[in-house]
Each structure stands twice: as structure tokens, then as C-alpha cells.
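Worksheet: the structure to be examined is printed underneath.
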Amino acid sequence: MLITDAALVDGRVRDVRVEGERISAVERGLTPDSDERVIPADGRLLFPGAIDVHVHFREPGFPHKETWETGSRSAAAGGVTTVVDQPNTDPATTTGAGFDAKATLAEASLVDYGINGGVTPDWEPDVLFDRPIFALGEVFLADSTGEMGIDAELFAEAVDRARDAGATVTVHAENADLFDEAAIESLEDDSDADSPPSSPTGRSAPADAWSAYRTAEAEIDAIERAVAVANDADAPVHVAHTSTPEGVDAAVDAGATCEVTPHHLFLSREDLPRLGTFGRMNPPLRSEDRRAALFERVADGTVDVIATDHAPHTVEEKEQPLLEAPSGVPGVETMLPLLLETVRQGRLEPERVRDLVAATPAKLFDLPQKGKVEPGRDADLVLVDPDRPRETQAGGLHSKAGWTPFEGLWGVFPELTMVRGTVVYTRDPETGAETFGPAVGENVRPEE
Ligand SMILES: NC(=O)N[C@@H](CC(=O)O)C(=O)O
Ligand SMILES: [Zn+2]
Ligand SMILES: [Zn+2]
């Protein structure tokens, strides 16, 4: 296959040859062989497939929220060619049986994947580290969806085990001791009552209380503690979904790596009147000042990785009163489009976006075959017209969630996505017609 006249992130225009699953040449003036398929890029941007190291595809256990098929379609349509699934499924990915159940279901994936192992008091570290897990995590230092919060002692033990097994630990860093209970007390009275809650539901809920409750201090403190434990043990640690600039600085200054989500980058507490309970997630949305400071740290390279924490829940689930609505928002399909739109607006460099969503996750998590458009690497490729954004609309997305917190924001969406040389998604920009390819996804960690 030959992709002709493709613009690369550094502005060069090149022909890119794909042989089998790999990129074999990135050059000028390549001519197609007689039977070779040609995809004319006509100067459009050829981007490396994004690697989203933080998704919740919900199987096994919650297929009404998402499945490997729907989640991976959403990924493919958003230019994400590798996802890393988190352990708070049912069964949880904390045992050999939990891992095996997920590994079988993941074969339905259109995109490549990693499967993280999780930690609970009844986890099976020996069995788990025998399986081809991607990393240990997200290790929950406070309860989130799935109630997998663990104590400091078990965390220290998990860090030791991960180091011995050569696995990175990724942490959900919040310290529940520093949550502000008073912020939600008035709401608790409502939900305990026998009669239906008098507090407003759905989009008009007082969702800002969630941001007041799960404080910034709770995140910053948990990051400091977690990174100190990991440093003492000489173990690599990666902070998931860092929502505060102070948290980013605490992680990076202590030698850890961190990721930031698109929702903490593009949304703030000021969006909660519009989002209501749909804007409830952990860690929660922060002030506009903190959001802006987070964006600065993304733009200047302080933040290592952008990952989505794609956490789909149905509209019915999210429409409940604030304390009953589950935490989490979908995002795997909109991450790269929203970032490419900021490039179009001149607010981020294209190479920076390439590093944040592809090259750096590949480097940090030991995927040398992925992350860049270079000869010898996997042909995980995304073709987009960087000057042709469209409006994000839930109806045009493919997650089972059926809604998006980014409704109405502009995004530069893919026209073609390829996983190891197989086209898994196309969208005709004129008609909007889409096609999805076969379930070619494979575990990126080879079986021993
Ligand atoms: N982020 C969330 O609010 N929810 C996530 C769990 C998590 O990442 O904490 C979920 O699985 O729903
Ligand atoms: Zn989390
Ligand atoms: Zn998560």
C-alpha cells in the first residue's frame, strides 16, 4: 500500500509505503507497484495512531455501558489505534481468571490493546504477573467507580511487587481523608429520604458540589505520598488523570510521569451548570484558573501524556441525582480531534500533540514499534484534513454511552484509521458515510 503526498507532523510531505503490518518507507517520489493499493493523501496530515493508555471498555461485567466492539469502534473513529483497559470490571482484573475473561472478550477489538492488572485485598499478584499485563493499575488510592480503593500498606506492597515484575504502577491519586464531606452533606439528606429526592436531577443538578467535595488538596496530597512510596521502592510510577497544575508539578518534580485528560484540559467548573451530573467524574472538574494552568503545562511539555479516562455510563445512569449518578465521562473518540483543533487554532504544536498521545506513551510504556510514522514501525496511521473541523455531536459518535461532555466543541476528526496495515475506519468527508474494518486488534504485550 502506498499513501502518497502525506503531510507529516513536522511539515514534510512524503510518500509512505506500508508492507504487511509495517511502514517500510517514508520518502519522496515513491512509485506504486502495478498491483499496489494507492491512497492519495493530497497534502492531508498523516498522524501516528494515538495510544490511549487509560480507557474503561466495561467488559466483562457492564456491556450495557460499553463493549470491546463499541469501545474500539469509538477509538478507531477517533484515531486511537491502541487502548489500555483498566481493571474495574466485573470480575475485576485482579486475578488470573479476571484477566483471562477480559483477554477473551478483547479479541473483539478493532484496535490494539493492553490490559492492566489491578490491586484489591484479594488480588493474585503471582498469577497476575504471569499473565501478559500492560502495567499495574490504575491502582485506586480512593474509591471511584467499582470501589477498588486500597490502603497505604497494600499500596506499598503493590509497588514492591510491580518493581520486581518490571511493571510500571499507574495510580488514581486522591486521598479520601482530605475530601470535604460538608460540601455534599445537604445532598445526602435528600438521597436518604424515602420520598424521591427533592434535589434537582440530570443536567440541572448542583454538580459543582462534587468539585467542592473531592478537593484539589486530596489529589495533590495523594500524588506526593504515592510518588514518595514509589521512589523509596525504586519503582516507576505514573500518575493517572492529573487534574491540577499542583499535582502535575508534584509528580514531575519528584521524578514521576503523569497524564492529563481532555476533560480536565477543555472543561472546568464553569461548565457544570450546563453539564450537571454528566460532569461528575473523579477527580472532578476544577476551576477555570487551574484548567488554564494545566493547559500551559501541556503546551510547554511538562505533562508527559494525554489519555482519556474514557469512562462511559448511560444517559439513564447519569441522569440520577448527584450522589447516585456514577462518576466518569466518555472521551476516547474526541481526544485527538479536540487536540488537532487546538493545533488548527495555533494553540499547540503538531509535534507536541504527536508526543502527548503517541510517541511519549510508546516510549514510557515500552512500545518501541508504535508512536511515530517511521520505517520499521507498525502501520498505525490516521489520515485527517487538518483544516476541516466539524462540530462534536453525540449522535455522530460510536460509544454506547450515547452522549459526550464535549457536545458542540469543534474537532478535526479522522477520515481514515489503520491498525498495523489494516484499514479499520473510513469516513467520506462529503457524504459522512462510514465504514468499520475487521477486529484485528491484538494484545501489545506478547505472551511469554
Ligand atoms: N474517572 C471516573 O470518574 N470513573 C472511572 C473510574 C476512574 O478512573 O476513577 C470509571 O470507571 O467510571
Ligand atoms: Zn481513576
Ligand atoms: Zn480511570
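Atom set for the values below is all heavy atoms of this structure, side chains included, hydrogens, waters and symmetry mates excluded. One is the number of the first residue; the rest follow in order along the sequence. As the structure lists them, so they are numbered: ligands from 1, and atoms in each ligand from 1.
- A salt bridge is absent between R420 and D380: the closest approach of a Lys/Arg side-chain nitrogen to an acidic carboxylate oxygen does not fall below 4.0 angstrom.
- By the 4.0 Å N-to-carboxylate-O rule, R73 lies close enough to E69 to be salt-bridged with it.
- The salt bridge (charged side-chain N to carboxylate O under 4.0 Å, His left out) analysis of residues 53-66, with sequence neighbours excluded, yields the pairs K65-E317.
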For ligand 1, which of its N or O atoms have a protein N or O partner closer than 3.5 Å, and how long is each gap?
residue  : atom   : partner : partner atom : Å
ligand 1 : 1 (N)  : N282    : O            : 3.0
ligand 1 : 1 (N)  : D309    : OD2          : 2.8
ligand 1 : 3 (O)  : N282    : N            : 2.8
ligand 1 : 3 (O)  : S327    : O            : 3.4
ligand 1 : 3 (O)  : G328    : N            : 3.3
ligand 1 : 4 (N)  : T145    : OG1          : 3.3
ligand 1 : 4 (N)  : S327    : O            : 3.1
ligand 1 : 8 (O)  : H56     : NE2          : 3.2
ligand 1 : 8 (O)  : E138    : OE1          : 3.3
ligand 1 : 8 (O)  : E138    : OE2          : 2.9
ligand 1 : 8 (O)  : D309    : OD1          : 3.1
ligand 1 : 8 (O)  : D309    : OD2          : 3.3
ligand 1 : 9 (O)  : S144    : OG           : 2.6
ligand 1 : 9 (O)  : H172    : ND1          : 3.0
ligand 1 : 11 (O) : H56     : ND1          : 3.2
ligand 1 : 11 (O) : R58     : NH1          : 2.8
ligand 1 : 11 (O) : R58     : NH2          : 3.4
ligand 1 : 11 (O) : N88     : ND2          : 2.8
ligand 1 : 12 (O) : R58     : NH2          : 2.8
ligand 1 : 12 (O) : T145    : OG1          : 2.8
ligand 1 : 12 (O) : H313    : NE2          : 3.1
ligand 1 : 12 (O) : S327    : O            : 3.0

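- Screening E259, H172, E174 against H241 for a side chain to side chain donor-acceptor pair (under 3.5 Å) leaves a single residue, H172.
- Between K102 and W68, the closest side-chain pair of non-hydrogen atoms falls below 4.5 Å.
- Checking side-chain atoms of Q86 against main-chain N and O of E138 turns up a donor-acceptor pair under 3.5 Å.
- Salt-bridge formation is not detected for the pair D355/K363: no Lys NZ or Arg NE/NH1/NH2 atom is positioned less than 4.0 Å from an Asp or Glu carboxylate oxygen.
- A salt bridge does not link D234 with R163: none of the charged nitrogens is closer than 4.0 Å to a carboxylate oxygen.
- Of all protein N/O/S atoms, those lying under 2.8 Å from the Zn ion (ligand 2) come to 3.
- Each salt bridge (charged side-chain N to carboxylate O under 4.0 Å, His left out) pair with one or both residues in residues 332-349, not counting sequence neighbours, appears once here: E341-R344.
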